[in-house]
There are 2 protein chains.
Amino acid sequence: MQSFTEENYLKIIYHLAEKTGNVQTNAIAEQMQTKPASVTDMIKKLAEKGFVDYIKYQGVTLTEKGRNAAIEIVRKHRLWEVFLVDKLNFKWDEVHDVAEELEHIKSTALIERLDEFLGFPKSDPHGDPIPDKNGRFAKTQFTKLIDLKIGDQGTITGVSQHSSAFLKHLEKLGLTLGKQIEISDVTDFDGSVEILIAGKQINISREVAKHILTSSNGKN
Amino acid sequence: MQSFTEENYLKIIYHLAEKTGNVQTNAIAEQMQTKPASVTDMIKKLAEKGFVDYIKYQGVTLTEKGRNAAIEIVRKHRLWEVFLVDKLNFKWDEVHDVAEELEHIKSTALIERLDEFLGFPKSDPHGDPIPDKNGRFAKTQFTKLIDLKIGDQGTITGVSQHSSAFLKHLEKLGLTLGKQIEISDVTDFDGSVEILIAGKQINISREVAKHILTSSNGKN
DNA sequence: AATAATTTTTAGATTTACCTAAAAATATAA
DNA sequence: TTATATTTTTAGGTAAATCTAAAAATTATT
Ligand SMILES: [Mn+2]
Ligand SMILES: [Mn+2]
Ligand SMILES: [Mn+2]
Ligand SMILES: [Mn+2]
């Protein structure tokens, strides 16, 4: 059984590893909002407990045990997010912090019954896949909106940024999950993207376009 | 904002105070499953923070602030229990430990929306009253089953013991909330009580009868 | 009222998760 | 390939919540 803190470390290492493989001390420190020295301490403990493989100065990788533990926490986090949105009418930008706490509740029965209550959802309010009770889930295929070319069409299936500010912004622009879009223009000057959505023409910054994920393969 | 541990202390002091007024160090230690020395340390901290009034060797009483904080935790605990039973099909003997964790999730929005989602329930699965968001709730009137006399009738409205073993036992005997009962006999030998429930005659031990609460005023 | 029993508090340690400052290792640049 | 910059680790310390053992205060009993 792990502490809240250990669980948060495992989850963050898992997410960082998805991109970079080997995970660095400083990267963990930044995500955990703590100091590198503290990270080193915790890494040693996690290594001792068999959750990570660790070589001094070389960063960490999750062991099988560590990956399973991390996925279990991700599962809980995302299921609780679905609960908050579907059942308690939270908006998609309001759920993250609460889920951050709820994910640590320890009860296998609870999470399995919650899963059932929610109808075994496959993805969370941000389009991220929900692992099943065996930790399995389909790796999501997506193309970043920023990588689409003029004329390409697609559906919004996810976001790669979960800050409330960003999600609220998308909401206001009508850029929510499931919406159909088409790239109508890309501005040379600032890289901003003009898209057609629900018959309207809107302009979004490059920064926003980077964090919207779509189901288009880019070839229209 | 209080830590989990502080919240657990406050809740326990509140429950103990309901019966005895002034709460003793040893009593808290027993409930918290810790040592009296640790309790003294925590009491000092709670006093410092203004949650309790404390005079050395004289035990503690909750301040207004402390009582409000405690009631808020009780509210959360009981609402989560209702959720677990009503929505996730937990049995009344399975909810306590999970609620013990869920009660510490910090989000006013969460608990208010949960309350609404559950239909603003007035009592939890064990018959205990749920404080509203202002901390108000009707003080429950009840008579212990053990105090009823032969021929008295009543309805089961609560229990004063929440252990899984006890609740499972009641379940098996059919002694659940809302059931009508009548006292048909009291055994001199062991103080056990014979009751009439759903047309059947059953015998329950004195120990069990002590922890069943009824709506009868004792005069049939 | 004096003695014994009980309750409560203090003293001194331990563990977990942090921190700062300094040293060591690794990576980058001149 | 030295020198410089960056990253990571160690050393030494703090705060929260716990513990054991011993001292102090209160309560109960002769
Ligand atoms: Mn978390
Ligand atoms: Mn999410
Ligand atoms: Mn609790
Ligand atoms: Mn209850």
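Every chain is numbered from 1 and lettered A, B, ... according to where its sequence line falls, protein lines coming before strand lines. Heavy-atom basis, side chains included; hydrogens, waters and symmetry copies ignored. Here the structure is a predicted model, which is why all the values come from computation and not from measurement.
- Under a 3.5 Å cut-off, the side chain of A:S215 and the backbone N or O of A:G154 do not form any donor-acceptor pair.
- Listed pair B:K56 / D:dA25 fails the phosphate criterion, with no side-chain N or O lying under 4.0 Å from OP1 or OP2.
- In this structure, A:M42 atom CE and C:dC19 atom P are separated by 11 Å, rounded to whole Å.
- If you measure from atom NZ of B:K44 to atom C1' of D:dA15, you get 16 Å, rounded to the nearest angstrom.
- Contact check, A:Y9 against C:dT16: no side-chain N or O comes under 4.0 Å of OP1 or OP2.
- Close placement of the A:H96 and A:H77 rings is indicated, their centers lying within 6.0 Å of each other.
- An OP1 or OP2 oxygen of D:dC19 is reached within less than 4.0 angstrom by a side-chain nitrogen or oxygen of B:S38.
- Taking only side-chain nitrogens and oxygens, A:S3 never comes nearer than 4.0 Å to OP1 or OP2 of C:dT16.
- A sub-4.0 Å separation between OP1 or OP2 of C:dT9 and a side-chain N or O of B:Y54 is present.
- OP1 and OP2 of D:dT6 both lie 4.0 Å or more from every side-chain N or O belonging to A:N26.
- Between C:dA24, C:dC18, D:dA21, one nucleotide has an atom nearer to the side chain of B:A37 than all others, and that is D:dA21.
- A close approach under 4.0 Å does occur between a side-chain nitrogen or oxygen of B:T25 and OP1 or OP2 of C:dT9.
- If you measure from atom CD of B:Q58 to atom C1' of C:dT9, you get 13 Å, rounded to the nearest angstrom.
- A:L46 has its CG atom 13 Å from the P atom of D:dT9, to the nearest Å.
- Between the CG atom of B:N22 and the P atom of C:dT7 there is a distance of 15 Å, given to the nearest Å.
- No side-chain donor from either of B:W80 and B:E103 sits under 3.5 Å from a side-chain acceptor of the other.
- The side chain of A:Y57 has C:dA25 as its nearest neighbour among D:dC19, C:dA25, C:dC18.
- Note on A:T5: only backbone sugar-phosphate atoms sit closer than 4.0 angstrom, heavy atoms only; bases stay farther off.
- A cation-pi contact, defined as under 6.0 Å to the ring centre and within 45° of the axis, links A:R113 to B:F90.
- Ring pair B:F4/B:Y9: centre-to-centre distance not below 6.0 Å.
- Residue B:I43 contributes atom CD1, which lies 11 Å from atom P of C:dT10 at whole-angstrom precision.
- Between B:I55 atom CD1 and D:dA25 atom C1' there is a gap of 14 Å when expressed in whole angstrom units.
- The closest donor-acceptor contact from the side chain of A:T214 to the backbone of A:T143 lies under 3.5 Å.
- Put simply, B:T40 has no side-chain N or O that comes within less than 4.0 Å of OP1 or OP2 on C:dT10.
- Computed from coordinates, the A:Q24 CD to D:dT7 C1' distance equals 8 Å when rounded to whole Å.
- Closest to the A:K35 side chain, of the nucleotides C:dA25, D:dC19, C:dT20, is C:dT20.
- At the heavy-atom level, A:F4 lies nowhere under 4.0 Å from the strands shown.
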